[in-house]
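Worksheet: the structure to be examined is printed underneath.
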Amino acid sequence: METFADHYESMRRTILKYMPGADMPLIDRAVRYAQAQHEGQLRKDGSPYIIHPLAVAEIVAEMGLDTDAILGALLHDCIEDTSSSHDEIASLFSPTVAELVEGVTKLTRVEYSTLEEQQMENLRKMFMAMSKDIRVVLIKIADRLHNTRTMQFQTPQKQISKSMETMDIYAPLAHRLGIQKIKWELEDTSLQYLDPDGYAKIMDYLKAHEEESNQFMKSIQTQITTRLSSVGIHGTIYGRIKHVYSIYRKMNDQHKSMDELYDLYAFRVIVDTIPDCYNVLGHVHDLFNLVPGRFKDYISTPKPNMYQSLHTTVIGTQGIPFEVQIRTWDMHHTAEYGIAAHWKYKQRGVGSGEEKSFEWVRRLLESQQDTDAEDYVHNLKIDMFNDEVFVFTPKGNVINLPAESTPIDFAYAIHSGVGNAMVGAKINNRIANFDAVLHNGDIVEIITAKNAKGPSRDWLAICKSNQARSKIKQWFKREKREENIVHGKASFEGELRRSGFSPTLLTIDELLPTLLKKLSFDCLDDMYAAIGYGGLTAVKAVGRIRDELLKYTKGIENPTSCGKEPIAHLKPASDSGDPGKNRHSVNGVIVDDIESCMIKFAKCCTPVPGDPIIGYITKGYGVSVHRADCPNYIHRNPSQADRWVSVHWAQNDGQPFTTTVELDCNTRGGLLLDVATVMTSARVRVKELSGRDLPGGHSTFTVSFEVKDVQQLNTILSKLLNIKDVVGARRGQT
């Protein structure tokens with residue numbers, strides 16, 4: 001196990017390498033303060049907690065940030081986990097350091113009712129922090145990176161949930177900030193826990209072909225180096241195999257094996273000047289055969305995260321395609337550390353001439369208004385992570401949009417007034433439909449009219465960017481409230497009927513306040529308006545109040561239950577006994593005519609509250625509870641009929657019950673990751689997740705997890721069945 005001294009020396013060397021002018025006495029004082037504050041606290045691996053802040057500070061130093069950022073990294077858990085306060089840190093170090101620590105702490109304090117709401121609020125806080133001081137988010141990313149590196153000491157459930165959060169939030173955020181080096185490590189490490197089999201297959205392939213890969217890369221590197229030396233261009237050339245998650249995505253997206261993948265290899269040529277970049281490009285195209293349509297110039301048109309390089313894909317004499325990236329040293333550092341490298345080289349601090357770099361942060365903050373949490377998180381990933389398309393205004397200004405964007409997205413990227421007044425569009429001087437897909441280099445012109453009727457509801461399904469969708473919804477919210485109420489009411493009542501409820505339930509005075517509280521609205525018209533302009537879907541609205549509607553309707557059907565869900569039970573296996581006699585439950589189950597006994601749940605059918613159940617008196621192990629449709633009960637031995645007894649559920653107090661689900665699937669890569677994603681979003685404790693391939697292109701997965709009742713189980717079953725290539729889902733029976 002590494003010691004405090006090991007980590008301290010490693011951090012110190014890194015700081016002196018990347019920041020020779022750092023205030024080391026002040027940093028040492030922060031180390032001593034953090035060590036004293038975290039005294040007695042241990043990490044999951046049993047090491048002293050102070051090792052974590054030291055490791056985070058080292059990552060921050062590698063980014064090239066300043067002394068204040070390193071101090072913030074060293075102290076980032078002090079307010080959260082120790083008796084330290086904002087004022088104490090401000091007096092001992094500086095108000096700036098205290099603000100950094102407070103900013104990082106706020107990003108971890110949020111708890112919300114759903115995973116989507118929690119993610120949305122965390123993201124909102126991140127963007128607010130970014131708009132004030134980008135170092136807050138850079139420290140948070142460094143914190144997540146070190147936690148990811150030590151994920152092996154977490155529980156399997158924690159590994160999956162944290163890895164999903166890393167993939168959903170932190171890797172896209174690192175990408176959007178241009179910190180590619182950290183993004184790749186976050187993705188690769190998370191993949192190990194989300195799809196260990198898929199990760200292992202790629203690693204096994206790479207190890208098996210390591211020698212031939214090294215020979216190939218050495219050959220290409222020698223050819224390029226020799227050519228550049230002969231023409232007097234000084235450059236550094238090295239090759240690499242693309243990182244594991246990039247390969248994983250390509251395999252799944254293109255449905256190809258490793259042998260079929262295009263441009264598995266990438267070479268970087270780093271030169272001194274921009275003219276040298278274009279000269280090198282000419283020599284590369286002279287040495288190797290160009291693959292048409294695979295050249296991109298990100299120097300003249302940088303990506304929104306400031307990335308610049310020339311990209312070209314060529315084929316060597318061995319017939320193997322590979323990518324060549326050509327850039328200057330400044331571009332290389334920006335590609336590795338993004339905005340952090342920009343910070344280091346400009347040395348101007350936050351907010352001094354860098355507003356354009358953070359314009360996307362402002363747009364993301366604006367787009368959260370009037371948006372359902374789940375939609376916001378989903379669309380945010382599109383805006384942050386998907387490929388971009390670069391198009392031009394008639395005046396030659398570059399507008400970057402998500403891939404497959406339309407003229408609607410372009411119009412709202414210019415200004416909301418342009419989008420709201422749009423009546424037509426031209427692409428490359430030709431009239432185009434509103435749903436036409438834009439491509440790199442297109443010149444787009446928006447035709448507007450003063451008497452335009454405004455956007456159509458259909459545009460919400462056509463546009464691709466979160467920014468455009470948000471502005472359209474805002475227009476409908478502002479301009480069409482009465483129309484929204486009518487439209488939303490019709491959608492909501494239709495969804496109620498499809499779910500088996502009567503809209504007349506909304507007129508019941510004793511029920512309505514409870515429903516409105518669940519929906520977070522003051523009155524029905526506000527909810528109808530939100531559905532009408534697209535801020536909330538009718539399906540989600542009904543889903544949020546489904547439990548309350550079920551409780552009320554079952555209370556009407558069974559008045560003796562006082563409005564609560566009735567207890568599910570079977571008729572006794574024998575005619576003796578009255579279920580009402582005995583109200584003492586064990587593990588949430590009441591056994592008729594037996595005052596107290598051991599209860600265990602049969603592993604063959606894993607019953608949960610809400611299932612009809614039956615009990616079997618075992619020899620020496622109490623009563624084993626089975627589902628009424630369990631084959632062991634249906635095909636029971638007549639000679640043991642007297643051992644089957646009537647049991648029923650007591651009122652469920654929310655305690656978890658373990659159940660098992662079996663999935664029938666068509667075999668494809670990434671399926672295990674999709675199943676893990678659904679289970680994580682359902683916020684249940686997964687106890688086991690395994691799968692195996694079957695002949696004929698089929699697979700089967702077994703998931704054991706905890707639920708509180710059969711209703712929650714059915715909801716999860718429905719979500720699992722919605723996964724692509726899942727063709728069947730059933731309760732496990734052996």
Side-chain angles (χ1 to χ4, degrees), residues 155-161 163-164 167 190-205 244-245 247-249 251-258 260 601-608 610-611 624-635 656-707 709-734:
T155 63
Q157 182 188 10
K158 199 81 166 179
Q159 288 171 346
I160 292 175
S161 63
S163 295
M164 282 303 307
M167 285 292 206
S190 298
L191 183 62
Q192 291 183 53
Y193 301 104
L194 294 175
D195 190 353
D197 289 341
Y199 180 88
K201 287 179 181 177
I202 295 174
M203 290 301 296
D204 289 345
Y205 180 94
V244 177
Y245 183 67
I247 297 171
Y248 181 87
R249 283 190 66 190
M251 290 172 65
N252 290 329
D253 292 346
Q254 300 174 19
H255 304 289
K256 291 181 178 180
S257 67
M258 286 281 291
E260 300 171 316
F601 295 97
K603 294 182 179 180
C604 55
C605 55
T606 58
V608 297
D611 285 326
S624 176
V625 179
H626 296 253
R627 295 207 319 257
D629 60 352
C630 177
N632 287 325
Y633 174 61
I634 294 173
H635 305 298
F657 292 79
T658 299
T659 189
T660 301
V661 168
E662 295 176 355
L663 305 178
D664 297 322
C665 315
N666 296 321
T667 301
R668 71 166 169 85
L671 190 54
L672 184 64
L673 179 58
D674 291 344
V675 173
T677 301
V678 167
M679 301 309 297
T680 301
S681 66
R683 306 189 77 181
V684 295
R685 182 173 178 235
V686 177
K687 304 185 79 172
E688 183 180 353
L689 174 56
S690 60
R692 58 191 177 90
D693 292 340
L694 302 173
H698 300 288
S699 300
T700 180
F701 289 90
T702 301
V703 192
S704 293
F705 54 97
E706 293 181 346
V707 292
D709 54 33
V710 73
Q711 183 177 335
Q712 184 185 18
L713 172 60
N714 289 335
T715 299
I716 294 170
L717 279 171
S718 177
K719 291 181 178 180
L720 289 169
L721 281 168
N722 285 331
I723 298 175
K724 180 184 176 184
D725 289 320
V726 174
V727 297
R730 62 186 178 277
R731 301 280 295 275
Q733 290 183 332
T734 58

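Keep in mind that what you see is a predicted model, and the values were worked out from it rather than measured.
- Using modelled atom types, no side-chain atom of Asn714 and backbone atom of Gln711 make a donor-acceptor pair closer than 3.5 Å.
- Residues passing the side chain to side chain donor-acceptor pair (under 3.5 Å) test with Gln157: none are found, sequence neighbours excluded.
- Val244 pairs by the side-chain contact (heavy atoms from CB on, under 4.5 Å) definition with Asp188, Leu191, Tyr199, Ile202, Met203, not counting sequence neighbours.
- Within the structure, no pair that satisfies the salt bridge (Lys or Arg N to Asp or Glu O under 4.0 Å) test touches residues 193-205, not counting sequence neighbours.
- Side-chain atoms of Asp709 and Val707, non-hydrogen and from C-beta on, never get closer than 4.5 Å to each other.
- Salt bridge annotation for Asp629-Arg731: absent, with no cationic side-chain nitrogen under 4.0 angstrom from a carboxylate oxygen.
- Considering CE of Met679 and CD1 of Ile716, their distance stands at 5.0 Å, rounded to 0.5 Å.
- The shortest heavy-atom contact between Val727 and Cys665 is CG2-N, 4.1 Å.
- Counting heavy atoms from C-beta on, the side chains of Phe601 and Pro607 come closer than 4.5 Å.
- The two atoms that bring Gly198 and Tyr248 nearest to each other are CA-CE1, 4.3 Å, heavy atoms only.
- In this view, Asn722 satisfies the side chain to side chain donor-acceptor pair (under 3.5 Å) rule with no residue, not counting sequence neighbours.
- With contacts defined as side-chain heavy-atom distances shorter than 4.5 Å, the pair Arg730/Asp664 qualifies.
- Contact annotation: the side chain of Tyr205 never approaches that of Ile247 to less than 4.5 Å [non-hydrogen atoms, C-beta and beyond].
- With sequence neighbours excluded, the residues satisfying side-chain contact (heavy atoms from CB on, under 4.5 Å) with Ala676 are Ile160, Leu689.
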Pair Val661-Leu713, side chain to side chain contact (heavy atoms under 4.5 Å, CB included): steps then yes or no: CA-CA 9 Å; Val661 168; Leu713 172 60; 3.9 Å; yes
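- Under the rule for a side chain to side chain donor-acceptor pair (under 3.5 Å), the partners of Ser704 that lie at least two apart in sequence or sit in another chain are Thr660.
- Screening Glu706, Arg685, Glu688 for a side chain to side chain contact (heavy atoms under 4.5 Å, CB included) with Thr658, the sole residue that qualifies is Glu706.
- The shortest side-chain heavy-atom distance between Val726 and Phe701 does not fall under the 4.5 Å cut-off.
- Applying the side chain to side chain donor-acceptor pair (under 3.5 Å) test to residues at least two apart or on different chains, the pairs with a partner in residues 694-703 are Thr667-Ser699, Asp693-Ser699.
- Atom SG of residue Cys604 and atom CG of residue Asn632 lie 4.5 Å apart, to the nearest 0.5 angstrom.
- For residues 669-681, the pairs satisfying salt bridge (Lys or Arg N to Asp or Glu O under 4.0 Å) are Arg668-Asp674, with sequence neighbours left out.
- Contact check for Gln712 versus Val684: side-chain heavy atoms found under the 4.5 Å cut-off.
- Looking at heavy atoms from C-beta onward, Leu721 lies out of side-chain contact with Leu663 at the 4.5 angstrom threshold.
- Between the Arg627 side chain and the Cys605 main chain, a donor and an acceptor come within less than 3.5 Å of each other.
- For Thr715, there are no side chain to side chain donor-acceptor pair (under 3.5 Å) partners two or more places apart in sequence or in a different chain.
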